[in-house]
Amino acid sequence: GAVVSQHPSRVICKSGTSVKIECRSLDFQATTMFWYRQFPKQSLMLMATSNEGSKATYEQGVEKDKFLINHASLTLSTLTVTSAHPEDSSFYICSASAPGALDTQYFGPGTRLTVL
Amino acid sequence: QKEVEQNSGPLSVPEGAIASLNCTYSDRGSQSFFWYRQYSGKSPELIMFIYSNGDKEDGRFTAQLNKASQYVSLLIRDSQPSDSATYLCAVTALYGNNRLAFGKGNQVVVIP
């Protein structure tokens, strides 16, 4: 149980384009999903907390207009990196909290974004 | 002071030995504590969680929590080469909404 998927697993795009990453909870309904970014040899950095049906809460320093988050259903949250630049190249990972264990986060496999 | 601190530097242990990882946290009100394992290039995988003071065992893993001293540790018994990974300590954060604060991680290298 508590399986989280992400799509795509890897994406390469040109600078200036937008990229959408999907995060799905496969066997449970996730009221809260989280988006993280991880640069090489660094720890996870929380970007935003996403609650179904409401606006995401962004961490300080994260541009909400650049990283658009939509959590339209209890099983799907999307992160769109708009007008991507090479410095946005990173490993983006989502996680979801399962009902009954709200502070336990299960991670998706991650999406490696490379912006040329 | 960082919310969650882990010892720096890789930990090398011979196969079959015990690996010991420590983590301290700053918020005395934290209630939930987690250990995640992250292989290179992969996302974190939950291996243990602990809520109460004392020890919690799951297979070769034992988590130890001491809220008075604000530390949580992870022991890996009979270390295997497949245990070579980075281990992340996570604690419920100050600001609620089930946010977790992560430490920087401890790299463990099990030498065959």
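Lettering of chains follows the sequences in order, A, B, ..., and the numbering in each one begins at 1. None of the values given here were measured: they were computed from a predicted structure.
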When rounded to the nearest 0.5 angstrom, what distance separates OG in B:Ser43 from CZ in A:Arg112? 10.5 Å

So with a 6.0 Å cut-off around NZ of A:Lys66, is the heavy-atom count from everything else above 12? yes

Heavy-atom proximity to chain B below 4.5 Å, by part of A:Gln6: neither

To the nearest 0.5 Å, what is the distance between CG (B:Leu100) and OG (A:Ser97)? 7.5 Å

Can you measure from CG (A:Leu44) to CD (B:Gln38) and round to the nearest 0.5 angstrom? 5.5 Å

Residues, nucleotides or ligands: over 12 heavy atoms within 6.0 Å of B:Lys56 NZ: yes

Within 6.0 Å of CZ in B:Phe49, more than 12 heavy atoms from elsewhere: no

Atom pair NZ (B:Lys104) and NZ (A:Lys41), whose distance is rounded to the nearest 0.5 Å: 13.5 Å

Out of curiosity, B:Phe102 CZ to A:Gln38 CD, how far, rounded to the nearest 0.5 Å? 9.5 Å

B:Lys42 NZ: over 12 foreign heavy atoms closer than 6.0 Å: no

Look at the side-chain heavy atoms of Ile, Leu, Val, Met, Phe, Trp and Tyr, link any pair under 4.5 Å apart, and say whether B:Leu65 and B:Met48 land in one connected group. yes

Side chain proximity check, A:Ile93 to B:Pro44, heavy atoms < 4.5 angstrom: yes

Linking I/L/V/M/F/W/Y whenever their side-chain heavy atoms sit closer than 4.5 Å, directly or via other members, would B:Leu74 and B:Val91 fall into one cluster? yes

